[in-house]
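I have placed the structure first, in the form of structure tokens, so that the comments after it can refer back to it.
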Amino acid sequence: MIRLYDTAQQSLVPLKLRDPGKVSLYVCGPTVYGPPHIGHGRMVLVFDVIRRYLAWSGLEVTFVSNVTDIDDAIIERALKEGREPAEIAVKCETVWWQAMERLNVARPDHIPHATDYVDMMVDLIGRLVDGGKAYTTSDGVYLSVETVPGYGLLANQSLDQLIEGGGDREIVGTEKRHPGDFALWKLAKEGEPFWPSPWGDGRPGWHTECVVMSLDLLHEGFDIHGGGLDLTFPHHENERAQAIADGKTFVTHWMHNGFVELEGEKMGKSLGNTTNLLDLTEKFDPRAYRLLVLQSHYRSPIEVTDPTMAERVVAIGRLDTFARRTASLVPGISADPEIVDQFRALMDDDFNTPGATDLLFRQVREGNTQLDEGNTEAAAVVGANVREIAGALGLELDESAGAEAPAEILALVEQRSAAKQSKDFDEADRIRDQLGALGWVIEDSAAGATVRKA
RNA sequence: GCGCAGAUGCCCGAGUGGUCUAAGGGAGCGGCCUGCAAAGCCGUGAUUCGCGGGUUCAAAUCCCGCUCUGCGCUCCA
């Protein structure tokens with residue numbers, strides 16, 4: 001039985017599925033107005049791991065994650081740069097998927113785009129207006145939060161408390177009936193992109209798309225709705241409010257991942273280039289970021305700094321080395337069911353990935369010991385364990401033993417072996433240094449010398 | 001101000017009532033292996049878990065207060 005922390009219930013609860021054996025998961029994707037940052041990276045890695053694990057554990061997963069391709073931020077940038085909003089959205093989305101590929105984040109089963117759902121959003125808003133849950137002003141249509149029972153559930157605060165706080169906040173839209181009311185439809189200003197609606201040409205507000213898209217693709221009462229911690233309020237609260245106002249059963253569980261911190265501070269978009277996900281994956285092995293994310297619990301804050309990343313690069317190397325050592329010991333051998341069960345127990349407990357990586361590394365040590373002692377069969381089983389766990393977590397291990405080294409490198413390895421043979425160690429060391437300068441590391445073993453890239 | 005998290009060794013981070021004389025990774029140091037390395041293995045490292053009280057036979061783990069940090073309080077993953 002899988003347990004997870006449900007933000008709405010503020011406690012660990014058993015995962016309750018609408019349809020036995022199937023799990024429907026919706027995660028709020030990016031608004032495509034700029035390059036993805038490491039915070040996005042953590043979010044997608046967290047839910048990629050959850051999705052992979054649910055599938056690994058035998059559930060039929062339907063994973064939906066949207067792209068918000070119309071939004072104030074996109075329009076703002078378009079106006080500033082004199083470009084079309086759609087052009088920016090398309091370009092940014094391309095970059096987004098590049099980053100996802102580098103991180104080995106699997107594509108969602110469905111990737112709905114907000115602009116493809118405007119008609120359905122207009123329908124929803126129409127129903128809300130007709131039902132007296134929403135009203136029009138001179139600049140758009142607003143949802144009346146006072147008509148929604150339990151508004152503030154995710155924020156864990158009453159409407160009054162929500163309004164009292166945030167002292168320096170500017171309350172926009174003076175025509176609003178309640179300061180907490182939020183825009184469902186925004187009438188277009190000069191030069192802004194628009195779609196037709198009964199209330200005038202305009203565009204949908206931020207939260208409406210996710211309600212419409214998740215319910216369209218996953219239907220009422222789907223299982224899990226996820227996203228970054230900061231989306232809890234207002235975004236998710238407002239999605240929920242619309243679904244409730246529309247008389248829909250929305251979602252069973254809410255999950256939110258914790259934030260990325262840079263040396264104890266909130267990640268800011270101007271804090272330097274490693275906050276850009278593409279830069280980070282350029283500078284470090286992208287798998288190191290996945291490992292870093294895995295090694296802390298998804299709800300905890302994580303420190304993403306050069307040193308913490310560099311540490312994971314080394315740790316990934318350790319996994320690769322082990323994968324190489326066990327690559328072809330006993331083909332087709334199965335993992336130890338007991339270890340697999342241990343992994344399952346850890347992950348079933350609110351996706352305890354730190355515990356799982358703990359198990360993974362202890363297995364690596366065990367396997368290395370078996371190898372050193374020449375217990376091939378035992379080592380092969382451990383190798384299978386490691387592959388099983390790493391695979392379930394989306395960690396790809398590099399098993400290539402350097403066979404793809406160019407001929408000139410292999411020739412140098414031969415020369416060195418010959419030099420060693422004739423006890424010409426000065427020459428052997430000279431060649432080793434030469435290889436090192438070329439970016440190759442030589443490793444001796446009973447079976448002979450091999451090279452790998454540094 | 002209100003709400004939610006968090007504070008663990010040199011660093012990153014698990015652990016949420018007894019198996020904790022506190023995992024795993026990284027760094028350091030010592031050793032084995034090696035011609036020397038690399039890789040791997042072994043050993044070493046918090047008598048202690050932000051501070052102060054309390055509950056309990058038993059607390060890093062529960063309760064109260066305090067300090068500090070992060071997040072949210074209307075469009076930020």
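As the structure is a computational prediction, the values presented were derived from the model and not from experiment. Computed over heavy atoms, backbone and side chain alike; hydrogens, waters and symmetry mates excluded. Below, chains carry the letters A, B, ... as their sequence lines are ordered, and counting in each starts from 1.
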- Side-chain contact, heavy-atom cut-off 4.5 Å: A:Thr31 with A:Ile74? yes
- Hey, does the Lys NZ or Arg CZ of A:Arg203 hover above the aromatic six-ring of A:Phe194, less than 6.0 Å from the centre and inside 45° of the axis? no
- B:rA14 phosphate, OP1 or OP2: any side-chain N/O from A:Ser300 under 4.0 angstrom? yes
- Message: For nucleotides 31-36 of chain B, give me one character per nucleotide, 5' to 3': B if any protein heavy atom sits under 4.0 Å from the base, S if the only such contacts are to the sugar-phosphate, - if neither.
- Response: ----BB
- Kindly write out the residues that satisfy side-chain contact (heavy atoms from CB on, under 4.5 Å) with A:Thr208, not counting sequence neighbours, or none if the list is empty. A:Met121, A:Leu124, A:Ile125, A:Leu184, A:Val212, A:Gln242
- Query: Any side-chain heavy atom of A:Leu292 sitting closer than 4.5 Å to one from A:Ser296?
  - Reply: no
- Query: With a 4.0 Å cut-off, would you call A:Asp372 and A:Arg325 a salt bridge?
  - Reply: yes
- Task: Name the nucleic acid region contacted by A:Thr232, choosing base, sugar-phosphate or nothing; use a 4.0 angstrom heavy-atom cut-off, strictly under.
- Result: nothing
- Message: With a 4.5 Å cut-off on side-chain heavy atoms, are A:Leu143 and A:Leu128 touching?
- Response: yes
- Task: Could you tell me whether A:His297 contacts a base, only the sugar-phosphate backbone, or nothing, with contacts defined as non-hydrogen atoms closer than 4.0 Å?
- Result: sugar-phosphate
- Item | Phosphate OP1/OP2 of B:rC42: any A:Arg365 side-chain N/O under 4.0 Å | yes
- Looking at A:Asn385, A:Ile339, A:Leu319, which hits side chain to side chain contact (heavy atoms under 4.5 Å, CB included) with A:Leu360? A:Leu319
- Item | Of the listed nucleotides B:rA14, B:rG72, B:rA77, the one nearest the side chain of A:His37 | B:rA77
- Note on the structure: Ranking B:rC41, B:rA39, B:rA77 by distance to the side chain of A:Phe259, first place goes to B:rA77
- Query: Dot-bracket for RNA chain B, 5' to 3', counting Watson-Crick or G-U wobble pairs under 3.5 Å, with [ ] for crossing pairs and | for inter-strand pairs?
  - Reply: ((((((((.[[[..)..(.....]]].(((((.......))))).....[[[[[..)....]]]]])))))))....
